[in-house]
Structures are given as C-alpha cells and as structure tokens.
Protein chains: 2
Amino acid sequence: MARLQPNILVVEDDRETRTLIAKYLRNNSCNVTIASDGREMFRAMTDHRVDLIILDVMLPGEDGLSLCRTVRAQSHTPIIMLTARGEDVDRILGLEMGADDYLAKPFNPRELLARINAVLRRQAIAGTASANDGATALTFLRWRIDFRLRELRNPEGARVAMTSAEFDLLWTFCERPGRVLSRESLLDLTQGRNAGSFERSIDVLVSRIRRKIEPDQQEPTLIKTVRSGGYMFTPRVDAVGAGN
Amino acid sequence: MARLQPNILVVEDDRETRTLIAKYLRNNSCNVTIASDGREMFRAMTDHRVDLIILDVMLPGEDGLSLCRTVRAQSHTPIIMLTARGEDVDRILGLEMGADDYLAKPFNPRELLARINAVLRRQAIAGTASANDGATALTFLRWRIDFRLRELRNPEGARVAMTSAEFDLLWTFCERPGRVLSRESLLDLTQGRNAGSFERSIDVLVSRIRRKIEPDQQEPTLIKTVRSGGYMFTPRVDAVGAGN
DNA sequence: GCGATCTGTTATATTCTGTTACTAAAGCCG
DNA sequence: CGGCTTTAGTAACAGAATATAACAGATCGC
C-alpha cells in the first residue's frame with residue numbers, strides 16, 4: 001500500500017540528530033535526503049520527488065514553522081514536525097501550519113517510523129479521493145475493508161461493526177499479509193507506542209476480531225497464530241480502487 | 001493551492017485593532033492594505049487586486065453590513081466580517097449579506113489567519129471546480145448543504161432545520177471529508193476557541209446533527225467516531241463535488 | 001418583558017479497551 | 001507417554017471515552 005521505498009527529506013540543523021534519524025530510516029527501507037536549512041530543503045524538493053518531509057521547528061534562518069507554511073502553500077507534500085516539548089501543538093497541526101503530524105523531542109525513532117507510515121497511509125488514501133490511482137480499500141476472501149470509510153463489509157455486503165482499535169489492527173494486518181508480525185510491532189504500528197513488556201492487549205484484540213470475521217471459531221483461517229512469533233494475516237489481499 | 005502572498009484588505013476604524021491585525025497578517029505572509037472606512041476600501045479595491053476583505057461591522061459612515069452588500073453585488077471578493085458578540089450570524093453569512101465567514105470580537109489573530117486560509121482555499125476550489133459563482137453548496141449521498149443559503153436539504157429535497165451551531169459544525173465537516181478532526185480543532189474551526197467551551201460540547205452537537213442526518217441511529221455512517229481521536233465525516237465516494 | 005428556541009454544561013448511561021487472571025494448548029524432556 | 005514449562009485464548013473487570021438526556025443561562029422575535 002504505502003510506497004515501497006518512500007523518499008523522506010529530513011530537515012534538521014543538528015548534525016547528530018540528523019544523522020541518527022537518517023540512519024534509522026535507511027535501515028527501515030526509506031530513501032533519505034538530508035537538509036540542514038530551508039534553502040537546502042527547497043533545493044532537494046526541486047531536485048527530486050519527496051514523499052514526506054520531517055521538519056525541525058528550530059532552524060537557523062527561516063524557521064520550521066514558516067517553512068511549513070510555505071511548503072503547504074505550494075504543495076501537498078506531507079510534513080511531520082519535530083517540536084520541542086510544550087510547543088503549541090494545535091497550531092502546528094491546525095489550519096495555520098497544516099503539518100500532518102508532529103513528534104516532541106526527544107523521541108523514539110521507532111515512533112517516528114510509525115508516524116511516517118501513518119501519514120503516508122493517510123496520504124495514499126486522501127490522494128485517491130481526488131486524483132490518482134491508489135486504493136482506498138482492500139479485499140480478502142470477498143471481505144472488503146475500506147480505510148477511508150473505516151468500514152468492514154462481509155461477503156454478503158453487510159457492514160460489520162468494528163470498534164476503532166479493532167479496525168486499526170485489522171487494517172494493519174491487511175497491509176502486511178503473509179508476514180509474521182510480532183505483538184510489539186503491531187503495537188507500534190497501530191499506536192506508535194513502545195510496547196510495555198508483557199502486554200496482552202494485542203491478543204485480546206485479535207480474539208475480538210476473530211470472533212467477528214473468522215468463519216470457524218475453532219480453527220482460525222484468516223489470522224493465524226505463530227507461536228512465540230506473533231500473528232500472521234494469511235489470505236491473499238487485493239487492492240481495490242475508490243469505493244464505487 | 002492558496003495564493004502564496006494573498007492581498008488582504010483590512011477595513012477597520014479602530015487604529016489599534018487595525019494595526020494589530022495588519023502586523024500579524026504581514027508576519028504571516030500576507031500583503032496587507034488597510035482602510036478605515038468604506039471610501040478608503042473602495043479606493044483600495046480599484047487600486048489593486050484584493051484577494052480577501054476583512055470587514056468590521058461597525059464603521060463610521062456607511063456601516064460594514066451595507067458595504068458588504070455593495071461589494072457582494074459587484075464582485076466575488078471573499079469577505080470575512082468582524083462582528084460583535086451576539087450579532088445575527090445567519091443574516092451576515094446568509095443571502096442578505098453574503099459574507100464568507102465571520103469572527104466575533106474579541107478574537108485570536110491566529111484564528112483569523114485560519115479563517116482566511118479556509119476561505120481562500122474554498123475560493124480556490126470553487127474557482128477551479130468548474131466556472132463561476134456556484135460552489136456554494138456541497139452534496140453528499142444526495143444530501144445538499146448550501147453555505148450561502150445556510151440550509152440543508154435531504155435526498156427528497158426537503159429542508160432540514162438546522163440551528164446555527166449545528167450548521168457551522170456540519171459545514172466544517174463537509175469541508176474536510178475523510179479526515180479525523182479532533183474536538184479541539186473542531187472547536188477552533190467553528191468558534192475560534194475564544195469562548196471557553198469544553199470539548200464535550202462538540203459531542204453534544206455531533207449527537208444533535210446525527211439525529212438529523214444519520215439514516216441509522218444505531219450505526220453512524222456519515223459522522224464516524226474515532227475513539228480518542230475525534231470525529232470524521234465520511235460521505236461515500238462521489239460525495240463531495242461542486243453543487244452544480 | 002415573555003415565551004420559544006438555542007447552546008453549552010452537567011450528570012448518567014453506555015461502550016470501548018487494556019489489564020488481569022485463569023484455563024487450555026503447545027512444546028520440552030525424561 | 002506423563003509431568004512441567006511456556007505461550008495463547010478469552011472472560012471478567014476497571015478505567016477511560018463517548019452518547020445523550022436533562023437542565024439552565026442566553027438570545028431571539030415579538
């Protein structure tokens with residue numbers, strides 16, 4: 001769903017932080033470009049396609065907030081802002097700045113990755129609404145999960161009520177079919193939360209989802225348990241265009 | 001999308017307020033012209049292109065309401081009116097005056113900026129959508145919401161009574177379909193946070209709107225709840241288009 | 001002013017969600 | 001095959017978030 005190797009532009013003046021972020025993202029299948037100020041940022045943006053910008057609030061010269069507005073005025077490239085703690089979050093995310101998400105320093109790089117994924121995913125959805133290809137829904141075994149509408153329909157076409165958390169988890173599974181996902185990474189992906197050591201919340205959620213979608217309660221066929229590994233969503237998943 | 005440096009014309013007789021607004025807007029990438037009464041306003045308008053007018057209701061000589069009507073009759077330049085509390089909002093925004101938005105004094109300048117952006121964006125969309133004046137209405141699932149008339153019609157074409165606050169909120173939703181809006185930003189967008197209202201008030205309003213527009217009271221399909229996130233307006237696919 | 005309407009607040013009911021605890025199942029080892 | 005250990009499934013619970021009825025102050029239209 002999300003681009004396989006998204007181009008991330010990291011705009012951050014502190015060399016150490018910058019390198020750290022870049023390294024981490026590169027280790028996690030992102031193409032990373034770095035810039036230390038607004039000028040370099042714009043150069044990079046005209047240079048090649050940028051899928052997402054990570055933008056520090058504090059920058060020499062024109063500051064991040066101002067840059068954010070400017071970028072926003074010209075393009076729809078999503079922006080995640082790195083803020084200091086206690087920054088006025090509403091304004092950053094609100095109409096005025098229009099950033100897509102933010103992260104307060106100091107942050108956990110995994111958390112950043114989770115946010116990036118979330119934003120890109122949203123972007124993919126939003127993009128289809130107006131313009132181009134991308135899918136807004138996935139189907140598996142004649143079930144259909146629509147991210148934009150946040151609804152799940154069974155093979156008969158009836159809506160199946162899902163709570164927010166259940167939906168998010170199922171969505172995450174659908175995006176990564178056929179891969180074993182650890183509880184930890186599932187927690188990360190759905191909530192950007194660092195897993196507290198032994199939490200069984202994923203187990204419980206899986207159980208609740210299974211009750212709603214598994215044809216045979218005794219023998220799960222959709223979400224398989226991988227002992228001491230996590231869970232795996234097994235059915236073949238097809239992308240479906242806008243929900244018409 | 002939005003003009004990079006929109007030309008804003010501020011019409012306000014109180015020098016202090018006027019200067020404050022101008023200063024703030026200039027700091028936020030706007031070109032600002034000021035006028036202290038109707039005469040100066042018209043002079044400015046013939047002088048150069050004006051993208052948006054901020055117009056105080058109380059003015060010496062010909063008052064803001066009257067000026068608003070006049071401008072409206074001649075051009076499509078969007079207008080945001082500054083009103084005193086308790087002013088008749090429906091009338092100001094409605095057919096009679098035709099302002100595009102309003103803000104009750106005293107207001108937060110950041111909120112003003114947000115409104116400006118919103119109006120300009122709408123304008124941009126309306127402009128590109130097809131041709132002309134139109135685009136004062138949106139349709140979703142055969143419902144039709146008309147911003148100018150401030151009325152809502154159901155698929156059968158019957159008017160559905162909406163109170164001012166309900167309409168404002170629904171409008172806000174319609175402008176941002178498919179996005180999760182936090183209670184906080186909804187408050188900001190509808191009232192500018194001046195009024196110290198609690199976030200629960202959004203819940204109550206949503207509940208009231210749902211009662212009027214949701215086909216199934218048990219299972220909302222239009223305004224979805226995103227737990228600990230806010231609400232999301234999810235009209236089906238074709239839904240949002242210029243009301244032609 | 002007076003009744004009708006609107007709107008935010010409060011209180012209560014309902015729903016959701018993560019945790020805990022207990023049970024069942026799976027692996028391990030002799 | 002049994003015991004023993006580890007891991008998963010899920011009922012039950014408690015805290016959090018949401019839905020909505022009811023209330024009261026504000027506002028509107030006469």
Side-chain angles (χ1 to χ4, degrees), chain A residues 150 160-170 172 180-184 186-188 190-214 216-232, chain B residues 83-92 94 96 104 150 152 160-170 172 180-184 186-188 190-214 216-232:
Chain A
R150 285 186 80 85
V160 176
M162 295 283 272
T163 68
S164 275
E166 290 164 4
F167 188 91
D168 284 345
L169 185 57
L170 182 55
T172 304
V180 179
L181 301 171
S182 70
R183 291 172 176 74
E184 191 184 346
L186 286 170
L187 267 181
D188 252 15
T190 51
Q191 351 188 317
R193 177 163 74 115
N194 337 336
S197 13
F198 6 85
E199 295 191 5
R200 309 288 310 285
S201 62
I202 292 293
D203 297 55
V204 176
L205 270 182
V206 166
S207 168
R208 285 170 183 156
I209 295 175
R210 277 176 174 160
R211 201 172 309 162
K212 294 185 177 177
I213 68 173
E214 288 287 0
D216 176 6
Q217 290 304 318
Q218 300 315 308
E219 194 65 30
T221 57
L222 296 173
I223 302 179
K224 295 246 172 68
T225 303
V226 178
R227 195 178 167 84
S228 64
Y231 295 96
M232 177 167 62
Chain B
T83 73
R85 184 165 298 287
E87 209 98 27
D88 185 349
V89 170
D90 286 331
R91 195 159 136 264
I92 290 170
E96 193 182 349
R150 300 209 107 223
L152 174 69
V160 176
M162 294 284 272
T163 69
S164 226
E166 289 164 4
F167 190 92
D168 283 347
L169 186 57
L170 182 55
T172 303
V180 179
L181 302 171
S182 70
R183 291 172 175 74
E184 206 151 21
L186 286 169
L187 264 184
D188 260 12
T190 52
Q191 348 184 320
R193 173 43 61 87
N194 309 322
S197 22
F198 276 125
E199 306 190 340
R200 287 270 148 269
S201 63
I202 293 293
D203 296 49
V204 176
L205 271 182
V206 165
S207 170
R208 284 170 184 157
I209 294 175
R210 276 177 174 160
R211 201 172 310 161
K212 294 184 178 178
I213 69 172
E214 288 287 359
D216 177 5
Q217 289 303 318
Q218 299 315 307
E219 195 60 37
T221 57
L222 292 173
I223 301 179
K224 299 240 171 74
T225 302
V226 178
R227 183 168 236 254
S228 68
Y231 296 97
M232 178 166 63

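It should be emphasised that the depicted structure is a prediction, and the values quoted were computed from it without experimental measurement.
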**Request:** Estimate the overall bend of the helix from dG1(C)-dC30(D) to dG30(C)-dC1(D) from the end axes over five pairs each, rounded to 10 degrees.
**Result:**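 The angle separating the two end axes equals 30°.
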**Message:** Whether the side chain of Arg200(A) and the base of dG9(D) hold a donor-acceptor pair under 3.5 Å is what I'd like checked.
**Reply:**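 Yes, a donor-acceptor pair under 3.5 Å.
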Output yes when at least one side-chain N/O atom of [X] is less than 4.0 Å from OP1 or OP2 of [N], else no.
X	N	answer
Arg183(A)	dA8(D)	yes
Tyr231(B)	dA19(D)	yes
Thr163(A)	dT15(C)	no
Arg211(B)	dA19(D)	no
Ser201(B)	dG8(C)	no
Thr225(B)	dA19(D)	yes

**Sugar-phosphate, base or nothing in reach of Phe167(A), heavy atoms under 4.0 Å** =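 Phe167(A): no heavy atom of the nucleic acid under 4.0 Å.
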**Item:** Sugar-phosphate only, base, or nothing, as touched by Val206(B) at under 4.0 Å among non-hydrogen atoms
**Value:**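 Touches nothing.
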**Message:** Starting the side chain at C-beta, find the nucleotide from dG8(C), dA19(D), dT10(D) nearest to Val204(A).
**Reply:**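 Closest nucleotide to the Val204(A) side chain: dT10(D).
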Separation of [N] [atom2] from [X] [atom1] (nearest whole Å):
X	N	atom1	atom2	result
Leu205(B)	dA21(D)	CG	P	14 Å
Asp203(A)	dA24(C)	CG	P	18 Å
Met232(B)	dT18(D)	CE	P	14 Å
Phe198(B)	dT10(C)	CZ	P	6 Å

**Request:** State, with a plain yes or no, whether a side-chain heavy atom of Leu170(B) is found less than 4.5 Å away from one of Ile213(B).
**Result:**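 Heavy-atom side-chain distance check passes, below 4.5 Å.
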**side-chain hydrogen bond (donor to acceptor under 3.5 Å, both in side chains) partners for Arg227(A), two or more places apart** = none
**Fill in**
With sequence neighbours left out, the residues meeting side-chain hydrogen bond (donor to acceptor under 3.5 Å, both in side chains) with Thr225(A) are Arg210(A)
List the residues meeting side chain to side chain contact (heavy atoms under 4.5 Å, CB included) with [X], not counting sequence neighbours, and say none if there are none.
X	result
Ile202(A)	Leu169(A), Arg183(A), Leu186(A), Leu187(A), Val206(A), Tyr231(A)
Thr221(A)	Glu214(A), Pro215(A)
Val160(B)	Trp143(B), Leu152(B), Asn154(B), Lys212(B)
Val226(A)	Val180(A), Met232(A)

**Asked** Which residues pass the salt bridge (charged side-chain N to carboxylate O under 4.0 Å, His left out) test with Arg91(B), sequence neighbours left out?
**Response** Glu96(B)
Below 3.5 Å is the cut-off: list the nitrogen or oxygen pairs between protein and nucleotides 13-15 of chain D, distance only.
none

